[in-house]
Chemist: 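This is the structure I have questions about; it appears just below.
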Amino acid sequence: MFADNLMELRKYHALSQEELAEKIGVSRQTLSKYETGESLPDIEKCKALADVFGITVDDLICYEKSTGMGLMVPPKGKHVFGMVKVGEKGQIVIPAKARKLFHIKPGDNLVVLGDEGQGIALIKEENLLELLHMAESEK
């Protein structure tokens with residue numbers, strides 16, 4: 001996973017091996033070994049690589065395209081939780097990883113927002129009320 005993620009991210013960001021190697025303080029040959037899986041970087045180099053790409057070290061090392069619907073590693077703070085199926089009455093099951101990350105528990109109220117150009121978003125009622133309160137206090 002690491003080697004594939006590294007190579008894909010480097011190409012996506014239009015960096016040569018030499019350019020990326022320079023950014024993290026290794027030789028082009030060392031970076032090439034990272035990409036072929038011949039060797040692995042130490043944790044400091046992993047952190048430097050993640051910072052260059054704006055992703056987490058965890059995603060750099062562990063992200064699997066199969067769980068992300070075939071998409072590459074998302075930027076830090078962005079997530080692909082997978083696909084859900086809409087039931088007969090419009091219900092969906094929010095993936096467990098999303099529920100855990102956003103502290104969604106049974107009985108929580110979620111507000112459904114929509115933008116015809118971008119789609120649907122969910123936000124916890126308490127978070128929306130907090131945002132509205134902050135906006136109101138800025139006036």
Side-chain angles (χ1 to χ4, degrees):
M1 286 179 283
F2 169 79
D4 293 337
N5 290 341
L6 176 59
M7 191 180 322
E8 188 169 280
L9 286 161
R10 180 183 59 77
K11 289 178 179 180
Y12 176 80
H13 288 273
L15 293 169
S16 68
Q17 284 184 336
E18 192 157 325
E19 290 168 325
L20 182 54
E22 186 177 311
K23 286 180 181 285
I24 66 164
V26 299
S27 69
R28 186 204 57 77
Q29 292 82 358
T30 298
L31 188 73
S32 177
K33 288 180 181 181
Y34 295 165
E35 288 188 356
T36 61
E38 207 173 312
S39 69
L40 291 170
D42 63 28
I43 195 71
E44 290 175 10
K45 296 300 180 202
C46 284
K47 174 77 171 101
L49 286 165
D51 289 346
V52 166
F53 299 129
I55 62 172
T56 65
V57 172
D58 188 50
D59 279 342
L60 175 64
I61 297 169
C62 302
Y63 183 81
E64 290 186 53
K65 281 180 127 179
S66 61
T67 59
M69 298 173 37
L71 302 172
M72 65 180 267
V73 180
K76 204 179 290 183
K78 309 291 182 190
H79 305 273
V80 177
F81 293 108
M83 193 169 308
V84 298
K85 185 172 282 212
V86 178
E88 299 259 335
K89 296 180 181 179
Q91 70 276 28
I92 63 167
V93 175
I94 299 170
K97 187 175 178 183
R99 292 191 315 266
K100 182 178 179 182
L101 181 69
F102 294 103
H103 311 286
I104 298 171
K105 301 175 295 311
D108 284 351
N109 288 322
L110 301 177
V111 179
V112 181
L113 305 172
D115 179 303
E116 291 182 16
Q118 296 192 27
I120 296 173
L122 301 174
I123 186 169
K124 287 178 76 172
E125 177 186 35
E126 61 198 49
N127 295 358
L128 179 60
L129 292 174
E130 185 179 312
L131 284 172
L132 293 172
H133 179 69
M134 285 173 42
E136 187 65 31
S137 66
E138 289 179 4
K139 287 184 178 180

Chemist: Should the heavy atoms of other residues, nucleotides or ligands under 6.0 Å from CD of Glu22 be counted, would the total exceed 12?
Modeler: no
Chemist: Measuring from atom CD of Gln17 to atom OG1 of Thr30, what distance do you get when rounded to the nearest 0.5 angstrom?
Modeler: 10.5 Å
Chemist: Within a radius of less than 6.0 Å around CD of Gln91, do more than 12 heavy atoms belonging to other residues, nucleotides or ligands occur?
Modeler: yes
Chemist: Under a 3.5 Å distance rule, please check whether Glu18 uses its side chain to pair with a backbone N or O of Ser16 as donor and acceptor.
Modeler: no
Chemist: Does Tyr63 offer a backbone N or O that forms a donor-acceptor pair with the side chain of Asn5 under 3.5 Å?
Modeler: yes
Chemist: Atom NZ of residue position Lys76 - does it have more than 12 heavy atoms of other residues, nucleotides or ligands inside 6.0 Å?
Modeler: yes
Chemist: Could you tell me which non-hydrogen atom of Glu125 sits nearest to which non-hydrogen atom of Val111, and how far apart they are?
Modeler: CA-CG2, 4.0 Å
Chemist: Under the side chain to side chain contact (heavy atoms under 4.5 Å, CB included) rule, what do Leu20 and Leu6 come out as? Steps first, then yes or no, please.
Modeler: CA-CA 10 Å; Leu20 182 54; Leu6 176 59; 3.9 Å; yes
Chemist: Let me confirm one number: the CE-CZ distance from Met7 to Arg10, rounded to the nearest 0.5 Å.
Modeler: 7.0 Å
Chemist: Could you measure the distance from the CG atom of Asn109 to the CG atom of Leu129? Nearest 0.5 Å is fine.
Modeler: 9.5 Å
Chemist: Measuring from atom NE2 of His79 to atom CZ of Phe102, what distance do you get when rounded to the nearest 0.5 angstrom?
Modeler: 5.0 Å
Chemist: Of the non-hydrogen atoms in Leu110 and Ile94, which two are nearest, and what is the gap between them?
Modeler: CD1-CD1, 3.5 Å
Chemist: Closest approach of Ala3 and Glu35, non-hydrogen atoms and distance?
Modeler: CB-O, 3.3 Å
Chemist: Less than 4.5 Å apart, side chain to side chain, heavy atoms only: is that true for Leu9 and Val52?
Modeler: no
Chemist: Identify whether Val112 and Ile104 are in the same connected component of the hydrophobic contact network (ILVMFWY, side-chain heavy atoms under 4.5 Å).
Modeler: yes
Chemist: At what distance, to the nearest 0.5 angstrom, does CD1 of Ile120 lie from CG of Asp115?
Modeler: 10.5 Å
Chemist: Classify the ring geometry of His13 against Phe53: parallel below 30°, tilted from 30° to 60°, perpendicular beyond 60°.
Modeler: tilted
Chemist: What's the shortest heavy-atom distance between Leu40 and Tyr34, and which atoms?
Modeler: C-CE2, 3.8 Å
Chemist: Assess whether atom NZ of Lys33 is packed by more than 12 heavy atoms of other residues, nucleotides or ligands within 6.0 Å.
Modeler: no
Chemist: Kindly compute the distance separating CE (Met1) from CG (Asp59), expressed to the nearest 0.5 Å.
Modeler: 11.0 Å
Chemist: Is there a donor-acceptor pair under 3.5 Å between the side chain of Lys45 and the backbone N or O of Ile24?
Modeler: yes
Chemist: Look only at the side chain of Asp108 and the backbone of Lys105, and say whether a donor-acceptor pair between them is shorter than 3.5 Å.
Modeler: yes
Chemist: So Leu128 and Leu132, side chain to side chain contact (heavy atoms under 4.5 Å, CB included) or not? Walk me through it.
Modeler: CA-CA 6 Å; Leu128 179 60; Leu132 293 172; 4.1 Å; yes
Chemist: Determine the minimum heavy-atom distance between Ile43 and Val57, stating which atoms define it.
Modeler: CD1-CG1, 4.3 Å
Chemist: Could you pull out the closest heavy-atom pair between Pro41 and Cys46, with the gap in Å?
Modeler: CG-SG, 3.5 Å
